[in-house]
Amino acid sequence: MRTRPGRHISALRVVRRPIAAAVLACGLLAAGVSVAGLAVASQSGRTALPAGRARPLPAPLGRQASAPRPTRTHVARPVRLIIPSIGVRTRLIHLGLTSSGALQPPASTSAAGWYTGSPRPGAIGAAVIGGHIDSLLGPGVFFRLHLLRRGDRVYVRRADGSLAVFQVTSVRSYAKTRFPTEAVYGPAPGAELRLVTCGGAFDYATGHYLSNVIVYATLARRHGP
Amino acid sequence: MTQARNAGRLARLTVILGLTVGLLGFAIPAASASKGTGWLRLAHLSPNTPAVDVYLYSFGHPNARIVLRHVSYGMVSPYEQVPAGEYTVAMRTPTASARSRPVLSTTVNVASGHAYTVAGMGPAAGLTLRVLRDRLSAPRGKVLVRVIQASMHQSAVTVAAAGTVLGRDLKFTAVTRYQVLSPGELAVRATGESEHGARRFRLAANSIYTLVVMDDSGHLKITRLEDSIGSQVMPEGGAQMGFGGTAARPGGPLLPWLGAAAAGLLAAAGAFIGLRRRRRPALHAR
């Protein structure tokens, strides 16, 4: 009667000590690994790249297009975009629609694109030009678009060498779920321009920005003859 | 005593005046900015009226905002974006000085977000300036079209396109309402009593047009005015224009790591205490 529990206890004691030692070792190992993980996790975050100031470019030279007549004057297709105040000078590629019916993003992050379904820049209506804010690695062609201010000039060079000169009227940011389709793509009575890029917070789960930055501009009046 | 009191009163009055002026100074530009802008364009649609100079004045300003020289039959100016408010449109003969009494003038009240065509219409003998209100939005995927009958030779003109009558027996100076059409190539036919005219136009979706029937030598001429033009297809939703290479990136989640570290330490501590406790009874037993 007395030896049995004694034997039982001694057997348990034999098993327990290595187990306790093993738990101790595993616990210390887990704590060590976790502290290392903590250190890595706290280092992987970063702040947004500051936009800074671009070196302003000189205004391009050329024949400035006059306001389009409602009886329709031919307007040549757009080939280049120049925004001196934010240092943008790029060729313009052509953008269509994605299979889901959204605006097709330019294939290159360093070139802007004119949406071919919108009026040509300088014709009656709002011409739409889109460009990436960034690539996976760094700034894109429209990285500094949000720095544009009312009155800044935007130049579109057309295939015939003429320049459509626009003046920024406003710069606004919208959640993509509340994109102002009518204001960007809807009918407009004058020659206008909409520049579109991304902005706001980046959603790492979907790989997309949550907002769009839109610059509204109208054709500048031609000075002199 | 009284002098000092007066000086104090004067100082107080100056402060109040200064504040009032300051507040007004802020209030005035804010009020005019909130009024918004509208659009205005000018047209000459009177067949037997020779070319005129058209002046646009903003109400109360003696200098013209724009002057269009030698505007002749059929000419329509581009839209001018103007602050909302009252404007005066005046017509003068091209030889007349800008200070002379205009042949004709009218006032237009431009409301924010609205567009207007001010057209010289009718025969030269009874020329009038009419203010037409232009539409700025069309049903999604559709076209809006209206007709202005500016032919003096034909007293009743019927305008039809692809089986749709845009205007029946339109008299000189008649303006129809806008009608909804499908976009695409449109064959328009204008039929008067003795003359007719036909023309094909491509009408873009999400756009608004005015067709003008005009006198030409021996036939009717149809011209198309672009009122407002939209994108032919409106893309769905926002645009994906970035890959996040410059975006802020949150650090990895810290809480699971913290939890794991705590659990590990707790287990180790427990095991350590267990080890120490069992050693003592073992010594006693010996």
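Letters go in sequence order (proteins before strands), and every chain restarts at 1.
A/Arg53 CZ: 12 or fewer foreign heavy atoms inside a 6.0 Å radius. Heavy-atom contacts from other residues, nucleotides or ligands closer than 6.0 Å to OH of B/Tyr178 number more than 12. Residue A/Arg178 qualifies as open at atom CZ: its count of foreign heavy atoms under 6.0 Å is 12 or below.
Shown are A/Asp134, A/Asp203, A/Thr197; of these, the side-chain hydrogen bond (donor to acceptor under 3.5 Å, both in side chains) with A/Tyr209 is made only by A/Asp134.
Options B/Arg249, B/Met75, B/Arg224 differ in how many heavy-atom pairs under 4.5 Å they form with chain A, and the most are formed by B/Arg249. Ranking A/Gly207, A/Ser135, A/Gly186, A/Pro105 against chain B, the residue ahead of the rest is A/Ser135, based on heavy-atom pairs under 4.5 Å. Chain B forms more heavy-atom pairs under 4.5 Å with one residue of A/Pro70, A/Gly130, A/Ala25, A/Ser118 than with any other, namely A/Pro70.
Side-chain contact of B/Thr210 with B/Arg146: a donor-acceptor pair under 3.5 Å is present, judged by distance alone. Residues B/Arg41 and B/Thr117 have side chains that bring a donor and an acceptor to within less than 3.5 angstrom of each other.
In this structure, chain A has a heavy atom under 4.5 Å from the side chain of B/Ile208, while its backbone stays farther away.
The interface of residues 139-151 of chain A with chain B, defined by heavy-atom distances below 4.5 Å, comprises A/Pro139, A/Phe143. The contact list for residues 167-174 of chain A toward chain B, using heavy atoms and a distance under 4.5 Å, is empty.
For B/Trp39 and B/His114, the ring centers are positioned 6.0 Å apart or more.
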